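All remarks here apply to the structure that follows.
Predicted model only: the values in this text are computed from it and were never measured.
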Amino acid sequence: AAECEKRGSTHTARAILAHACGIFPAKKGLWVLAAKLEKSVGDSAAMDALLKRAVVHCPRAEILWLMAAKERWLCGDVPGARDVLEEAFV
């Protein structure tokens with residue numbers, strides 16, 4: 001996926017990461033790579049949806065929860081960021 005992204009094939013990189021996350025849903029590293037790709041080329045709604053799926057599959061991965069909260073905060077949704085952090089501790 002990284003090689004595809006370097007070559008400008010973002011759709012291919014997304015497809016590879018989506019397939020990998022489907023095959024290995026408990027691998028937080030894949031979710032982090034997919035989220036970073038979405039952040040660089042996608043929109044905030046797509047990244048938010050990706051991170052919601054990620055925390056369902058990796059509920060103990062602090063980095064995914066923090067990424068989700070930070071993205072909401074950066075979009076100006078402070079109450080949404082608080083909700084994400086609150087959900088992380090439940």
Side-chain angles (χ1 to χ4, degrees):
E3 197 60 39
C4 291
E5 187 180 4
K6 284 181 194 175
R7 294 180 183 177
S9 300
T10 55
H11 293 296
T12 306
R14 274 185 181 148
I16 290 169
L17 286 171
H19 183 69
C21 288
I23 299 295
F24 304 106
K27 297 286 187 181
K28 73 176 177 182
L30 289 174
W31 291 106
V32 170
L33 287 173
K36 286 180 180 179
L37 178 66
E38 268 320 306
K39 183 177 178 91
S40 67
V41 297
D43 60 359
S44 60
M47 185 170 178
D48 189 47
L50 179 94
L51 288 169
K52 281 182 183 178
R53 287 194 325 266
V55 297
V56 168
H57 292 291
C58 301
R60 296 197 180 270
E62 295 172 4
I63 186 143
L64 295 172
W65 288 103
L66 291 173
M67 286 175 81
K70 184 178 178 181
E71 281 308 309
R72 290 217 180 159
W73 175 71
L74 288 174
C75 290
D77 184 11
V78 175
R82 284 189 191 125
D83 291 342
V84 168
L85 293 175
E86 184 178 315
E87 188 179 343
F89 287 106
V90 174

Would you say [Y] ends up clustered with [X] if hydrophobic residues are merged whenever their side chains have heavy atoms under 4.5 Å apart, either directly or through other cluster members?
| X | Y | answer |
| --- | --- | --- |
| Trp31 | Met67 | yes |
| Leu64 | Met47 | yes |
| Ile63 | Leu51 | yes |
| Phe24 | Leu50 | no |

Requested in this report: Any salt bridge (Lys or Arg N to Asp or Glu O under 4.0 Å) involving residues 77-87? Give me the pairs, sequence neighbours left out, ordered by first then second residue.
Outcome: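 Of all non-adjacent pairs touching residues 77-87, none passes salt bridge (Lys or Arg N to Asp or Glu O under 4.0 Å).
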Requested in this report: State, with a plain yes or no, whether a side-chain heavy atom of Lys28 is found less than 4.5 Å away from one of Arg60.
Outcome: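 No, their side chains stay 4.5 Å or more apart.
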Query raised in the report: Do the side chains of Leu85 and Leu66 get nearer than 4.5 Å, heavy atoms only?
Result: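 SC-SC contact between Leu66 and Leu85 confirmed.
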If you round to the nearest 0.5 Å, how far is [atom2] of [Y] from [atom1] of [X]?
| X | Y | atom1 | atom2 | result |
| --- | --- | --- | --- | --- |
| Glu38 | Asp43 | CD | CG | 7.0 Å |
| Arg53 | Asp48 | CZ | CG | 11.0 Å |
| Cys21 | His57 | SG | NE2 | 8.5 Å |

**Report entry** Set of salt bridge (Lys or Arg N to Asp or Glu O under 4.0 Å) partners for Arg7, sequence neighbours left out
**Finding:**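 With sequence neighbours excluded, Arg7 shows a salt bridge (Lys or Arg N to Asp or Glu O under 4.0 Å) to Glu3, given in chain and number order.
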Query raised in the report: What pairs with Lys39 under salt bridge (Lys or Arg N to Asp or Glu O under 4.0 Å), at least two apart in sequence or on another chain?
Result: Glu71
Report task. Identify the heavy atoms of Leu17 and Ala34 that sit nearest to each other, and give their distance. Result -> CD1-CA, 3.7 Å
Query raised in the report: Can you check whether Pro59's main-chain N or O pairs, donor with acceptor, with Trp65's side chain at less than 3.5 Å?
Result: yes
Query - Heavy atoms from other residues, nucleotides or ligands near CG of Leu74 exceed 12 (cutoff 6.0 Å) - result: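 Yes, CG of Leu74 has more than 12 neighbouring heavy atoms, counting only those of other groups under 6.0 Å.
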